[in-house]
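A quick write-up on the structure given underneath.
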Amino acid sequence: MISLISGGSRGLGLAIVERLLARGDRVATFSRSGSPALAALAAAHPDRLHAESLDGSDSAAVIGFVGRVVERFGGLDHCIANAAIAHEGVLATMRDDEIDSLLTVNVKASIVLVRECLRQMLARSPAPRSEPKHSPLPLGEGGRRPGEGAPPASITVISSIVASRGSPGLAVYAATKAALEGFARSLAREVGLRGIRVNAIAPGFLETDLSATLSADNRARLARRTALGRLGTTADVVGALEFLTSPRAAFITGQVLTIDGGN
Ligand SMILES: NC(=O)c1ccc[n+]([C@@H]2O[C@H](COP(=O)([O-])OP(=O)(O)OC[C@H]3O[C@@H](n4cnc5c(N)ncnc54)[C@H](OP(=O)(O)O)[C@@H]3O)[C@@H](O)[C@H]2O)c1
């Protein structure tokens, strides 16, 4: 399988890159800067890992990247919109540029990435014989009944538990993640008949750079309110991603899978 994931240089993205390489996938990823861990993976898998440095908020760069990946690997099966940023701070003092960057990186860049991946997936997925009444997708020449012989294509967006639960100091970040969940639900209905599944994963707080600014008190409070009594790790989430991008999840779409230790 060919999988593309944004933000694979560290944290959850890096863990997903590692897991999908271990599964045997050909994997493509980008981030603004690389990392020694990603460079080591690229050295170990020169034929199966495609990594570039680019800013996901630069739509032209993302469009070029997706094109190069498809050219190099010959297609695209799974798209995982993972790259995101988080600015912590109460809304009353948050600056416009902080709000703009959260919306741009977390929402717009994720949507543009998914659109580009989707275009590639649609190009090789035949349209169903009869067009559904409200489908915005054009009719094609394919002869496949809905769901029949569907390619194993999927899109997964990485949300966060704060989208549904809320957290003080993360209102704008939460808004961006809630936007992605609505996006995933609607897109699932838009492309289901083309054999493409769309889901979201909503992790609880994870031990990564993104959450490194949490104070010790906050960390302890979050662990206390979690049924399993601890914060999550990237290892707690990658299994679910591997599942959602596998044939075992062939009938799962439009869902938000929460992985938060019982928060
Ligand atoms: N950590 C948590 O507690 C937690 C909880 C719930 C959900 N999540 C979600 O899980 C996902 C991964 O989070 P994480 O904790 O692994 O974050 P992280 O450790 O900060 O890693 C984020 C990744 O995204 C990349 N990235 C950020 N902005 C980018 C941009 N403009 N263009 C390209 N790449 C960019 C980063 O690389 P560069 O900085 O080099 O660009 C890095 O590879 C995110 O969607 C996050 O919202 C995290």
Side-chain angles (χ1 to χ4, degrees), residues 4-19 27-39 41-42 51-66 79-88 97-98 100-114 116 156-167 169-170 172-181 183-184 200-215 218-219 222-223 226 230-238 240-241 256-261 263:
L4 186 157
I5 170 166
S6 61
S9 62
R10 52 191 157 84
L12 180 58
L14 177 66
I16 293 171
V17 168
E18 277 179 315
R19 177 65 67 94
V27 178
T29 191
F30 66 82
S31 49
R32 288 165 301 182
S33 0
S35 69
L38 187 63
L41 282 176
E52 293 189 23
S53 294
L54 62 91
D55 188 335
S57 59
D58 177 348
S59 297
V62 170
I63 292 167
F65 174 79
V66 174
C79 169
I80 301 131
N82 163 77
I85 53 172
H87 297 308
E88 218 181 334
D97 63 299
E98 291 174 317
D100 283 343
S101 61
L102 280 164
L103 293 172
T104 303
V105 175
N106 295 7
V107 183
K108 186 186 171 201
S110 297
I111 290 174
V112 168
L113 172 68
V114 169
E116 289 313 304
T156 310
V157 297
I158 305 298
S159 178
S160 164
I161 186 63
V162 302
S164 58
R165 188 175 167 110
S167 185
L170 289 175
V172 183
Y173 173 79
T176 67
K177 295 302 184 178
L180 285 186
E181 291 186 8
F183 170 70
I201 289 179
F205 285 90
L206 306 173
E207 302 276 12
T208 69
D209 290 356
L210 198 87
S211 54
T213 52
L214 282 177
S215 67
N218 255 335
R219 236 167 244 281
L222 287 166
T226 303
R230 64 171 175 86
L231 296 190
T233 66
T234 59
D236 292 319
V237 178
V238 289
L241 188 283
V256 178
L257 180 52
T258 299
I259 303 171
D260 67 350
N263 211 315

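Note that the structure is a prediction, hence the values are computed from the model and not measured. Counting convention: from 1, in listed order, for ligands and their atoms alike.
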By salt bridge (charged side-chain N to carboxylate O under 4.0 Å, His left out) - contacts of Glu18 (at least two apart): none
Using distance alone, with no hydrogens and no angle criterion, decide if Asp260 and Thr258 have a side-chain donor and acceptor under 3.5 Å apart. no
Does the side chain of Glu88 reach to within under 4.5 Å of the side chain of Leu170, using non-hydrogen atoms? yes
Residues passing the salt bridge (charged side-chain N to carboxylate O under 4.0 Å, His left out) test with Asp209, sequence neighbours excluded, are Arg10
Who's touching ligand 1 if we go heavy atoms under 4.0 Å? Gly7, Gly8, Ser9, Arg10, Gly11, Leu12, Phe30, Ser31, Arg32, Ser33, Leu54, Asp55, Gly56, Asn82, Ala83, Ala84, Ile85, Val105, Ile158, Ser159, Ser160, Tyr173, Lys177, Pro203, Gly204, Phe205, Leu206, Thr208, Asp209, Leu210, Ser211
Under the ring pair (Phe, Tyr, Trp, His ring centres under 6.0 Å) test, residues paired with Phe65 that sit two or more places apart: Phe30, His50
Tell me whether Arg19 contacts the main-chain N or O of Leu241 through its side chain, where contact means a donor paired with an acceptor under 3.5 Å. no
